[in-house]
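Computed over heavy atoms, backbone and side chain alike; hydrogens, waters and symmetry mates excluded. Just so you know, residue 1 is the first one in the sequence shown, and it goes up from there.
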Amino acid sequence: MRFQGEEEAAAKVPVTSPFGYNSPLVQVSLIGLVCFCCPGMFNALTGMGGGGQVNPDASNNANTALYTTFSIFGIPGGGVYNIFGPKITLAMGCSTYVLYAGSFLYYNHQQDQTFAIFAGALLGIGASFLWAGQGAIMTSYPTATRKGTYISLFWIIFNLGGVIGGFIPFILNYHRKEKAETVNDMTYIVFMCFMSAGTLISLTILSPDRVVKDDGTHCTNIKYSNVTTEAIEILKLFRNWKLLLIIPAAWASNFFYSYQFDNVNGLMFNLRTRGFNNVFYWGAQMIGSVGIGYILDFSFKSRRTRSLVGVGIVAVLGTAIWAGGLANQLNYSFDKPPKRLDFKRSGSDFAGPFILYFSYGLLDSMFQYSPCKTCRYAGFYKGVQSAGAAVAWQVGKKKIPLLNQLIVNWVLTTLSYPLLAVLIYKAVKDTDSNKPAEDDDTASGLPPPASMKDGYKELENSITTEKDG
């Protein structure tokens, strides 16, 4: 997405509040906590497989509704931010996460999907509000020289939500009977409490004119472009051959979640072990993002070489992991379900599938990072990604053979690697290391939209990889 920026309060003398509350460090930490409590906990809940239910149909339908509305409302979400500012926009978005978790508490008793599907559709709208606010904050609050540091801080705090969230179903269902398949009510209640806390924390976010940057200046008041202009500009991107090369990667980046969550974690492991696995899945995300981030940022002097090496590493690792997934998948199907594994009782039988699921988390973060470092167009990437996710959750509902699902996921990710390599070779330009940090973002070689001449500004690369939308 692109923004119009206007400097506000240029004549004001910046005033630092006690304890640095109006500093970018504190404000970025707060938005990280908001996403820890809301999208982070959503990731943990979804990673349970079926939203913690034995029958994943309600979760699949709810997620289809979620990603469908998110792909539509991702554009007007910026307009809501323009009207209400960060505090109200974030609070409205966070409140829909609470409702979503509450819908599964209701489903635990009534077994009626209607509320869950409605809550999923509403969450898609709310998520567009939340990520619009997060995008504006991460773009405008830090200085150019500290932006990378603050983005890394945000992702660490955010991903900890998935890790800590994994402990919730693990602890609360630890002593449930072996045959228990659905998480208890308290699991959903605790998720709702965290999400409610995120909603309250969002009300502590300061508006840009009250934030003082590290260099002592006031923040720029970021304004998203209007909805009509934004929609037209994103549609124009489909005529750009360079951006077309990113479509398979964008489509695949959330497509494999339904297979991994429902058909690996959800089918292969018992209830408490699914929560245990989630802790390590989202922990692997943190390890993978740090590793691939180092390669893409620091491994070689040449920007193009770093990008090509990064894609090459992900391609080799991805091929190995999906091959391991194939070997594992040949052992079970919908017609021949696997014996549920327990992290304490299953011994060595647990080790292989656990390492595979951990590796899926590792690959996810590395795969997400690669195309996003190449694509600076958040709206384009996120729209394609959400459309792919909406289709994927229906694939899971239709009970497509598990082997077929794995092969499709493997093919989609494999197709992405050579296309990204071509894009990097043709488009990524090496920059002078002595240039200012803000100039480095222009080195991808992707031509800016026509509206750039009117002052529209593109979103920072790294904020396009959020997991839930």
Set of residues satisfying ring pair (Phe, Tyr, Trp, His ring centres under 6.0 Å) with respect to F154, sequence neighbours excluded: F158
Dump the intermediate steps for side-chain contact (heavy atoms from CB on, under 4.5 Å) on F84 and M92, then the final yes or no. CA-CA 10 Å; F84 295 104; M92 288 192 298; 3.9 Å; yes
Proximity of Y81 and F129 rings by center, below 6.0 Å: no
Residues which pass side-chain contact (heavy atoms from CB on, under 4.5 Å) with P248, listed by chain and number, not counting sequence neighbours: L415, S416, L419
Listed by chain and number, what are the side chain to side chain donor-acceptor pair (under 3.5 Å) partners of N108, not counting sequence neighbours? Q53, D185
Which is it for N22 and Q27 under the side chain to side chain donor-acceptor pair (under 3.5 Å) test, yes or no, and what are the steps along the way? CA-CA 7 Å; N22 64 343; Q27 293 300 306; over 6 Å; no
Evaluation steps, side-chain contact (heavy atoms from CB on, under 4.5 Å), between L172 and V190: CA-CA 9 Å; L172 295 179; V190 173; 3.7 Å; yes
Distance-only donor-acceptor pairs under 3.5 Å for side chains of residues 387-403, two or more places apart:
residue, atom, partner, partner atom, Å
Q394, NE2, N61, OD1, 2.9
Q394, NE2, T64, OG1, 3.0

For Y357, give me all partners under ring pair (Phe, Tyr, Trp, His ring centres under 6.0 Å), at least two apart in sequence or on another chain. Y281
Mind checking side-chain contact (heavy atoms from CB on, under 4.5 Å) for K87 and listing every partner two or more places apart, or none if nothing turns up? L203
Heavy-atom donor-acceptor pair, N173 side chain to N184 backbone, under 3.5 Å: yes
Output all residues satisfying side-chain contact (heavy atoms from CB on, under 4.5 Å) with S333, sequence neighbours left out; order by chain, then residue number. D335, K336
Would you please name every residue forming a ring pair (Phe, Tyr, Trp, His ring centres under 6.0 Å) with F269, sequence neighbours left out? F350
Write down the atom of M366, the atom of G288, and the distance for their closest heavy-atom approach. CG-O, 3.6 Å
With sequence neighbours left out, the residues meeting side chain to side chain donor-acceptor pair (under 3.5 Å) with S29 are none
Looking at every heavy atom in both L25 and Y150, which two are closest together, and how far apart are they? CA-CE2, 3.6 Å
side-chain contact (heavy atoms from CB on, under 4.5 Å) with F280: which residues, sequence neighbours excluded? F276, F354, F358
Between T46 (side chain) and N43 (backbone), is there a donor-acceptor pair under 3.5 Å? no
I'd like to know whether CZ of F334 has more than 12 heavy-atom contacts from other residues, nucleotides or ligands below 6.0 angstrom. yes
Main chain of P56, side chain of S59: is a donor-acceptor contact present, judged purely on distance under 3.5 Å? no
Test your reading of the model: is there a side-chain donor-acceptor pair from T89 to the backbone of P86, 3.5 Å cut-off? no
D364 side chain vs Y360 backbone, donor-acceptor pair below 3.5 Å: no
For Y106, what residues pass the ring pair (Phe, Tyr, Trp, His ring centres under 6.0 Å) criterion, not counting sequence neighbours? F115
For T114, all residues meeting side chain to side chain donor-acceptor pair (under 3.5 Å), sequence neighbours excluded: D112
Show, in sequence, the C-alpha distance, side-chain angles and deciding distance for C94 and L130, and conclude whether the side-chain contact (heavy atoms from CB on, under 4.5 Å) test is met. CA-CA 7 Å; C94 289; L130 186 150; 3.7 Å; yes
Determine, using ring centers only, whether F255 and Y259 are less than 6.0 Å apart. no
May I have the step-by-step check of side-chain contact (heavy atoms from CB on, under 4.5 Å) for F170 and T187, ending in yes or no? CA-CA 9 Å; F170 172 64; T187 302; over 6 Å; no
